[in-house]
2 protein chains.
Amino acid sequence: MQIGIVAKKIGLSVDAIRFYERNALLPRPPRTRGGFRQYAETDVETLAFIRRVQGLGFKLSEIRGLLNLRGNRLQPCAPVRRRLQEKLSDVQQKLASLHNLERDLRLALRHCNREMRKRSAHCPILRERNPSKPEGAK
Amino acid sequence: MQIGIVAKKIGLSVDAIRFYERNALLPRPPRTRGGFRQYAETDVETLAFIRRVQGLGFKLSEIRGLLNLRGNRLQPCAPVRRRLQEKLSDVQQKLASLHNLERDLRLALRHCNREMRKRSAHCPILRERNPSKPEGAK
DNA sequence: GTACACCCTGGAGGATAGTCTAGAGTCAAC
DNA sequence: GTTGACTCTAGACTATCCTCCAGGGTGTAC
Ligand SMILES: [Zn+2]
Ligand SMILES: [Zn+2]
Ligand SMILES: [Zn+2]
Ligand SMILES: [Zn+2]
């Protein structure tokens, strides 16, 4: 299979595939005499794996580690679980901080709303010193 | 006030302040004969505003827009509200996708767990074709 | 044998929000 | 007039995940 076929098959760009190769995520495939890359099904599977765990929020550097694990035969579950756990707590932290942000934005909107009803030319979002973040909760 | 004082006052680096100036977030202040920037209180307020709305998740390019609004005297609430609303729905979208991610990670962990109890050498995260993402929900 | 789609390499670019550096100048105090 | 802390500029660098480009070669069908 040449690179364009593989790209179409799994929905990546040709450039992305070459990028993965350069960055040691995909093994260097054999070439034709003319230098064209020749891929096998296992490469397609590897790329599918990459997409899959990328969808779980892993970055490419982390995926490199997972790919090594994937090479091992013996009991890879423990390290995989560790990584999944870490990623899960990252995500939970991000969720918490986004929830805070959501709260602050709602607060700001309420403020702004109130001021608008008063037809004040002073918009509290733009003017206030210490606006929607009460500094209270830790 | 010279730049280092301002920086300390509001907790930014000197470099960040100069960066904001280069990127038209902070007006160019007057200089001493020797070329040192001389800031006034209004500049400190502007920087505080920048930090504040940055804390609401606005990026610098968006903050530039807010700063223009801040210059206006007349009824700025409407456009401010629009921007806050937009930002809020961005945040909500991000929240939704992070929640999905969280679900997928939990699912993957459960899978991996199950396989581990069976002491299978085949870790489902590493091997499965169509793993934790059921493609069902839109 | 030539048209045409496809592939090759290396390197630049891009969005974000700054940080860090070198090499030189300035300000205040003593 | 010298020390020491501060400031100036321009430009390179960080991280992430690619995309886009030029300038050239390849593969296959007609
Ligand atoms: Zn497992
Ligand atoms: Zn208010
Ligand atoms: Zn308002
Ligand atoms: Zn399974």
Side-chain angles (χ1 to χ4, degrees), chain A residues 1-40 43 46-67 87 90-91 94 97-98 101, chain B residues 1-40 43 46-67 87 90-91 94 97-98 101:
Chain A
M1 252 178 303
Q2 63 184 36
I3 195 167
I5 307 287
V6 174
K8 212 162 288 162
K9 239 184 181 174
I10 62 174
L12 281 172
S13 72
V14 167
D15 276 337
I17 294 174
R18 287 195 283 242
F19 175 78
Y20 291 158
E21 180 182 327
R22 265 205 308 290
N23 290 278
L25 288 154
L26 194 63
R28 237 156 265 161
R31 307 285 188 115
T32 63
R33 268 147 297 142
F36 284 25
R37 289 170 178 81
Q38 285 182 301
Y39 289 105
D43 296 307
T46 300
L47 286 168
F49 174 76
I50 291 172
R51 299 224 76 186
R52 195 142 54 76
V53 295
Q54 204 173 23
L56 288 175
F58 288 87
K59 22 180 135 154
L60 298 186
S61 59
E62 297 168 326
I63 294 176
R64 225 176 283 128
L66 290 173
L67 286 165
K87 194 50 69 179
D90 288 359
V91 166
K94 271 187 202 147
S97 96
L98 270 184
L101 189 52
Chain B
M1 253 178 302
Q2 64 184 36
I3 196 168
I5 308 287
V6 174
K8 213 161 287 165
K9 239 183 181 175
I10 62 174
L12 280 172
S13 73
V14 167
D15 276 336
I17 295 175
R18 286 195 283 242
F19 174 78
Y20 291 158
E21 180 181 327
R22 266 206 307 290
N23 289 277
L25 288 154
L26 195 62
R28 238 156 265 161
R31 306 283 187 116
T32 63
R33 268 147 297 140
F36 284 24
R37 289 169 179 81
Q38 286 182 299
Y39 289 107
D43 296 308
T46 300
L47 286 168
F49 173 76
I50 292 173
R51 299 224 75 186
R52 194 142 55 75
V53 295
Q54 205 173 21
L56 289 175
F58 287 87
K59 21 180 137 155
L60 298 187
S61 60
E62 297 167 327
I63 294 175
R64 224 177 282 125
L66 289 174
L67 285 165
K87 193 51 67 177
D90 288 359
V91 166
K94 272 186 204 149
S97 96
L98 270 183
L101 189 50

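Below, read A as the first sequence line, B as the second, and so on, with proteins coming before strands; counting in each chain starts at 1.
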From C/dC8, C/dT16, C/dT19, pick the nucleotide closest to the side chain of B/Phe19?
C/dT19
Between A/Ile5 (CD1) and C/dC6 (P), how many Å, whole number?
8 Å
For the student: nearest non-hydrogen atoms of B/Pro27 and B/Asp43, plus distance
CG-OD1, 3.9 Å
So B/Arg37, base contact, sugar-phosphate only, or nothing? Heavy-atom distance under 4.0 Å.
sugar-phosphate
Assess whether atom CZ of B/Arg28 is packed by more than 12 heavy atoms of other residues, nucleotides or ligands within 6.0 Å.
no
Using five base pairs at each end, measure the axis-to-axis angle across the helix from C/dG1-D/dC30 to C/dC30-D/dG1 and round it to 10 degrees.
30°
Roughly, in whole Å, what's the span from CD in B/Gln54 to C1' in C/dA17?
8 Å
Check the phosphate of C/dC7 against A/Thr32, side-chain N and O only, distance under 4.0 Å to OP1 or OP2. Yes or no?
no
Interatomic distance where CG belongs to B/Asp15 and C1' belongs to C/dA17 [whole Å]:
12 Å
Starting from P on C/dA17, measure out to CG on B/Leu47 and report it in whole angstrom.
16 Å
d(CD, B/Glu21; P, C/dT19) in whole Å:
16 Å
Atom CD1 of B/Ile10 to atom P of C/dG18: distance rounded to whole Å?
11 Å
Rounded at 0.5 Å granularity, tell me how far CD1 in A/Ile3 sits from CD in A/Glu21.
7.0 Å
dist A/Leu67:CG -> A/Leu26:CG (nearest 0.5 Å) comes out at 8.5 Å
Rounded to the nearest angstrom, tell me the gap between atom CG in B/Leu60 and atom P in C/dA15.
14 Å
Kindly say whether B/Asn23 contributes a backbone atom to a donor-acceptor pair with the side chain of B/Arg64 at under 3.5 angstrom?
yes
Boundaries of the DNA chain D segment in contact with chain B, non-hydrogen, under 4.0 Å:
D/dC6 to D/dT9
When rounded to the nearest 0.5 Å, the distance separating CG of A/Asp90 from CG of B/Leu98 is 10.5 Å
Closest-nucleotide 5' rank along DNA chain D - winner of A/Gly34 and B/Lys8
B/Lys8
Go through the steps for A/Tyr20 and A/Thr46 under the test side-chain contact (heavy atoms from CB on, under 4.5 Å), then give the verdict.
CA-CA 11 Å; A/Tyr20 291 158; A/Thr46 300; over 6 Å; no
Out of the candidates A/Gln38, A/Lys9, A/Arg37, only one should pair with A/Met1 under the side-chain contact (heavy atoms from CB on, under 4.5 Å) rule; please name it.
A/Lys9
Run the side-chain contact (heavy atoms from CB on, under 4.5 Å) check on B/Leu47 and B/Tyr39 step by step: do they pass?
CA-CA 11 Å; B/Leu47 286 168; B/Tyr39 289 107; 5.9 Å; no
B/Ile63 CD1 - C/dG18 C1' separation (whole Å)
13 Å
May I ask you to verify if any side-chain N or O of B/Tyr20 is less than 4.0 angstrom from the OP1 or OP2 atom of C/dA17?
no
